[in-house]
Amino acid sequence: MPTLLVDVAVPVPLPGTFTYRWPADRDDPPPGSGDLVRVPFGRRRGLVGLVTDVRELPEDVTEVDGAPLRDVTDRLPGSYRLAPDRMRLAAWMAGYYALPLGEVVPLFHPPRPGTRRRRARAEHPAYPLQDPTSITLTEAQREVVARAEAQLASGGFGSILLHGVTGSGKTEVYLHVIARALEQGRSAIYLLPEIALTPQTLGRITERFGDSVAAIHSDLAAGERSRVHEAAARGEVRVVVGPRSALFAPVRDLGVIVVDEEHESSYKQDDKPRYHARDLALVRGREAEAVVLLGSATPDLASWHRAAEGRHQLGVLPDRLGGAMPAVELIDLRGQAAPDGFSEPLLEAVAETVAAGRQVILYHNRRGFARQLQCRDCGEIVMCPHCDIGLTVHLRPRRLLCHYCGFEREVLDACPACRSPAFLPGGGGTERTELVLQASIPEARVLRLDHDTTRRRGSHARILGAFAAGEADVLVGTQMVAKGHHFPGVALVGVLAADDGLSLPDYRATERAFQLLTQVAGRAGRTGAGRVLLQTWQPEHPIILAAVDQDYRGFAHLELAQRRLAGYPPFRRLLRLGLSAPRQATVERAASQLAGAVGRELADHCEVLGPAPAVFARLQNRHRQQVLLKGELSRAQKDWLARCCRALRDAHRGVDVVIDVDPVGLY
Ligand SMILES: [Zn+2]
Ligand SMILES: [Zn+2]
């Protein structure tokens, strides 16, 4: 065996691949393109990289371009090899998101590949389920399943957007299509936005497909992650369920990818590598010639627009199974006494529902007791010393907390600026909602689901399970309560501040608000009559009215017309350059230099907006600026942009620049 030169994409923020040596005298089989290998890099050892090319050397060499050639440490077993479809996915990702190939490699293997597991396999919560053979699909469900089956039978790539109202039986459609793929000897990937929040769905999938299912999520120990990865590569695990990272699982002969609740922004990874799992699911589906099913009651407008253009087939489930959609009513907060956030009609409706032995969900989009502590005399708000954000008031334990950086301090009794004692918490939160409820309706048993009550592992499932089992009358929570839960006992959903979120300075604010209102309303009346009460200051707002009518098509029509006018996605693409630095002058200088360079180089291809301060102009002691690019950029142009940002980082001390392709929020 001759000595080999091995090109490896290494997970470091540098472009290109790095060349290593595989000596002639090694006994183990040499790596090939697609293999994962461990290599040293600088002073670091054991970095897992991807082999992109292997060449034979006519004679043994020890250096390349004057640099000493280092040896590949070892080659990972064959189960870690990237098959051609996953290789192409990795390459596409690196190009599209302007990342070095090496930086996407960690997504394609478990955190510590090859680690042996020590614990027993995680148990999935079991939920009573019907016997699958007894399930009869509705005509609408059958139609979607038939379309997916036809696509599967054709053996080529196809995508279907499944628009089904809340409670219309989308999950059953997914399970049928997966079953068909398994019958053909193929595999499936089922993506969920947040696995901890969807124990019911996970339970149903596990129940249906038994031992061929494995879940991948961040709570799993490294050994278990490795076991699942290896079993999927061997074809023993054929249905992989999980959040966005499950998309990269090495299942054999992929037949179906399901993206459940495809509108959820948690499919977008918020730090490097920034990617959108729904968009990548379509790329992986295309590369693997699989069927991609995107499902939601409130599809992302980008998906809806693609379906309208004929790039997805559209499947529709217009009716709720075994019941009608709940009636949605508005409570106009103008001129109402609503101390502590509750109007009289809402409080009465909660009391009546609880007295009737049915359940209530109350949604508030903020956690804590009060949004901020503000002086009634001089207007002073207690701010986080590290962020341009007011501190949130929490009572149990009693403290002021920054939700962005975690800074905490004691609750003040008097205004630090004018010493006024009229220093009062303003704006509501889930903790206040819970306390007011306990004081007003003491007989109601209340559970709270938010970031503060779910810090411990397994607490999501415990709270959701207790509520599903009827151990509480009211579930108070943040948007966690809006996810795809099925609670048959819920007769009333109350939204405390329906217009909170509508005024955020972000082109997607209204879309997100509509989706949330529709999703949370959809928790009511799964069996029997359901009622939804939205408290609002803007009862004539078109988005609030669309939510009352639960009219997704009407909303989409309205909102897409606005987007077209303003030149926002899905009509034009966006790319956000986010800059930050400890000093304001530094970040401003860097941002204007970057905007200038981009303007000169790319003016013919995109519109350059900014530089401008980000919505949160300072977070965690870093001042923030952004530059927005509107328009389609080629791979070469994005590569130029990445080089430009690297040069900027080198030229300005302390400056960080991120390239966010297709940002989901402009903060
Ligand atoms: Zn004051
Ligand atoms: Zn802070």
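On a predicted model such as this, the values are computed, not experimentally measured, just so you know. Remember, it's 1-based here, ligands and their atoms both numbered in the order they're listed.
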- Would you give the length of the straight line joining atom CZ of R649 to atom CG of L594, rounded to the nearest 0.5 angstrom? 10.5 Å
- Kindly compute the distance separating CZ (R622) from OG1 (T586), expressed to the nearest 0.5 Å. 10.0 Å
- Query: Does a donor on one side chain sit under 3.5 Å from an acceptor on the other, for Q336 and S343?
  - Reply: no
- If the Zn ion (ligand 2) is the vertex, what is the angle to SG of C384 and SG of C402, rounded to 10 degrees? 110°
- Heteroatom test (N, O or S) for C387 near the Zn ion (ligand 2), limit 2.8 Å: yes
- Message: Counting backbone and side-chain atoms alike, is an N, O or S atom of C405 positioned under 2.8 Å from the Zn ion (ligand 2)?
- Response: yes
- Message: So if I apply the salt bridge (Lys or Arg N to Asp or Glu O under 4.0 Å) rule between R278 and each of D662, D260, D300, which one comes out positive?
- Response: D300
